[in-house]
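Shown next, in structure tokens, is the structure this report addresses.
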There are 2 protein chains.
Amino acid sequence: MSEIRILLVDDHPVVRAGLRAMLSGFEGFSVVAEAPEGAAAIREIQRLQTLGEPLDVVLMDLQMGAGMDGVTATRAIKALSPAPPVLILTTYDTDADILAAVEAGASGYMLKDAPPEQIRAAVQQAAAGQTALAPEVAARLLGRIRNPEPVLSTREVQLLELLATGMSNKSMARQLFISEATVKTHLVHIYDKLGVDNRTAAISVAAQRRIIRTGG
Amino acid sequence: MSEIRILLVDDHPVVRAGLRAMLSGFEGFSVVAEAPEGAAAIREIQRLQTLGEPLDVVLMDLQMGAGMDGVTATRAIKALSPAPPVLILTTYDTDADILAAVEAGASGYMLKDAPPEQIRAAVQQAAAGQTALAPEVAARLLGRIRNPEPVLSTREVQLLELLATGMSNKSMARQLFISEATVKTHLVHIYDKLGVDNRTAAISVAAQRRIIRTGG
DNA sequence: GCCCGTATCAACCAAACGGTTGACTCCAGG
DNA sequence: CCTGGAGTCAACCGTTTGGTTGATACGGGC
């Protein structure tokens, strides 16, 4: 069996070095290119294709400090022809991240704190055209199918976003051209679905589940 | 000059491998031990000391998946005798994280996405007993001095962090062993300094200014 | 020694929020 | 056609929060 040729995409030099060291230590693995963010990754893929050099799998981080993020990059890569398999390797395993990655065409989702052997197996599977989910991720997806978490409506997410900017009920009512009563109704539904009982906790939970994004 | 002997503390095998590879590539650097979290780190230090093997610097992550977190570990390490310098190497550069680390006795604060050369220099400085701040961190602190933005006290930042988890005044009072009256006083000061007039807005502004970290 | 910032607490009142009940419309799906 | 979810609104009431005033205590700095 021939060598598995890998492109690393991660904005942290330390992580790239770690993956390079770890993968190079495995028999039959070879890191042939690296990129700090999505746009550079696409350039690397095209460069390799132009040179006729094969590429078997892209190892992609989701969170990039600057430049094109991992989900966008994955979508762009899957639009190429031929499109190499993209294996997501990231720090967080939130529903939103996982679903976005799968929707973008990723063929696997691994966590950075996984033991080396798990990462090795996932890369091998991805290179072979199979899907590879981290055990934690697989368990979460199965649990979600069995026990679907309540989904916020678009209006509720909208409220939540305004809420996170620190607006009062009155302000949100004005902003959305609805009455304070309606705002309160929505809030009650939101608290209900998130399992909390006040606005501050709602923002906390929503941020943790990455339903909304807070901060810079 | 003799070799700089390093202990790595990080819960991600990938990151440890990266740091090991990166540091081993530099002349005069040697990773002599590793630990996935704080308690194991302290055991490693004591083991080295028992064997009479020197240790010049501890490279410490702040966020650990399980076990003793980085701030607690740093505090514990600085209570040892002799206490090796602790250089924080983490992903986030929020005020809360930085202040907690410095307060715990860290002699430096670097970011994981820093270029290798910067990390090399910081480790060297820390090993030499000097302090080493990442340029981004240093710039933030300097900018704060030039721009006399109201500075939150440590107690106020502490409160803000609890606030961001969705706790009520009563809960925060219990948590911090103070009265609700004191909590309210602190909150008023916080609102004042952040230019807001309620808790939700305070969290929003604090997250944007990276005074605290929300989510994940 | 005095001042100022930090931290602590109490009492009070007004305003905002949280929770409930009930009701109306619209629209998609069985 | 009827049911159910989403979205809208009103009225009520108890609790929490926000704002103020005033007070004590401790430390560092001029």
Side-chain angles (χ1 to χ4, degrees), chain A residues 144 147-207 211-212 214, chain B residues 95-96 98-100 102-104 141 144-145 147-207 211-212 214:
Chain A
R144 204 179 132 100
N147 193 11
E149 273 181 24
V151 179
L152 296 186
S153 70
T154 50
R155 197 58 158 171
E156 285 162 354
V157 172
Q158 206 177 351
L159 251 298
L160 211 39
E161 283 175 330
L162 292 184
L163 198 60
T165 70
M167 291 173 73
S168 68
N169 290 349
K170 191 175 295 189
S171 303
M172 293 188 286
R174 273 199 296 262
Q175 177 98 11
L176 298 176
F177 304 105
I178 58 181
S179 77
E180 282 186 64
T182 306
V183 170
K184 289 170 65 171
T185 305
H186 285 310
L187 287 181
V188 169
H189 292 159
I190 291 172
Y191 300 157
D192 219 35
K193 290 181 178 179
L194 295 185
V196 300
D197 64 356
N198 68 64
R199 60 181 52 209
T200 329
I203 293 176
S204 171
V205 170
I211 293 168
I212 58 169
T214 61
Chain B
D95 284 2
I98 296 173
L99 290 178
V102 169
E103 175 269 333
L141 293 180
R144 245 165 71 141
I145 292 172
N147 255 32
E149 263 181 29
V151 179
L152 296 186
S153 69
T154 49
R155 196 58 157 173
E156 284 161 356
V157 171
Q158 204 176 354
L159 223 75
L160 211 39
E161 285 184 301
L162 293 184
L163 198 60
T165 69
M167 292 174 74
S168 69
N169 291 348
K170 191 175 295 192
S171 303
M172 293 189 286
R174 272 198 296 263
Q175 179 99 9
L176 299 177
F177 303 106
I178 59 181
S179 75
E180 282 186 64
T182 306
V183 169
K184 289 171 65 173
T185 305
H186 285 310
L187 287 180
V188 169
H189 293 159
I190 291 172
Y191 299 156
D192 217 36
K193 291 181 178 178
L194 296 184
V196 300
D197 65 356
N198 66 64
R199 59 179 57 207
T200 329
I203 292 176
S204 171
V205 170
I211 294 168
I212 58 168
T214 62

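A, B, ... follow the sequence lines: proteins, then strands. Residue 1 opens every chain.
Proximity of A:N169 to the phosphate of C:dA16: no side-chain N or O atom is located under 4.0 Å from OP1 or OP2. The side chain of A:H189 contributes no N or O atom lying less than 4.0 Å from OP1 or OP2 of D:dA6. Between B:Y191 and D:dG18 there is a side-chain N or O to OP1 or OP2 distance below 4.0 Å.
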Apply side chain to side chain contact (heavy atoms under 4.5 Å, CB included) to A:N169 and A:R199, showing your working. CA-CA 10 Å; A:N169 290 349; A:R199 60 181 52 209; 2.3 Å; yes
Going through the distances and angles, do B:S179 and B:T182 end up as a side-chain hydrogen bond (donor to acceptor under 3.5 Å, both in side chains)? CA-CA 5 Å; B:S179 75; B:T182 306; 3.2 Å; yes
Kindly determine whether A:Y191 and A:D197 satisfy side chain to side chain contact (heavy atoms under 4.5 Å, CB included), including the steps that lead there. CA-CA 5 Å; A:Y191 300 157; A:D197 64 356; 5.6 Å; no
Would B:V183 and B:L176 count as a side chain to side chain contact (heavy atoms under 4.5 Å, CB included) if you check the C-alpha gap in whole Å, the side-chain angles of each, and the deciding distance to 0.1 Å? CA-CA 9 Å; B:V183 169; B:L176 299 177; 5.5 Å; no
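Taken to the nearest 0.5 Å, the OG atom of B:S153 stands 9.0 Å off from the NE2 atom of B:H189.
Along DNA chain C, the nucleotide closest to B:A181 and the one closest to B:T154 are compared, and the more 5′ of them pairs with B:T154.
For B:K193, the side-chain atoms get nearest to C:dT6 when compared with the rest of C:dT6, C:dT8, D:dT16. Considering only the side chain of A:K170, C:dA16 comes nearest among C:dG19, C:dA16, D:dG18. Distance from the side chain of A:D197 is smallest to C:dG19 among D:dG18, C:dC17, C:dG19. Proximity note for A:S179 (side chain, C-beta onward) versus D:dT17, C:dA10, D:dA10: the nearest is D:dA10. Which of D:dT17, D:dC12, D:dT20 sits closest to the side chain of B:V188 comes down to D:dT20. Checking C:dT8, D:dG18, D:dG7 against every side-chain atom of B:R155, the shortest atom distance belongs to C:dT8. Out of C:dA7, C:dG18, D:dT17, the shortest distance to the side chain of A:N198 is found at C:dG18. In this structure, of C:dG19, D:dT8, C:dC17, it is D:dT8 that holds the atom nearest to the side chain of A:I178. The listed nucleotides are D:dG18, C:dA7, C:dG19; the one nearest the side chain of B:S153 is C:dA7.
B:L187 places its CG atom 15 Å from the P atom of D:dT16, with the value rounded to the nearest Å. When rounded to the nearest whole Å, the span between CG of A:D192 and C1' of C:dG19 equals 11 Å. The interatomic distance linking A:L159 (CG) with D:dC9 (P) rounds to 12 Å, in whole Å.
Put simply, the side chain of A:T185 and the base of D:dC9 share a donor and an acceptor less than 3.5 Å apart.
A:S168 comes within contact range of the sugar-phosphate backbone alone, with a heavy-atom separation under 4.0 Å but no base atom that close.
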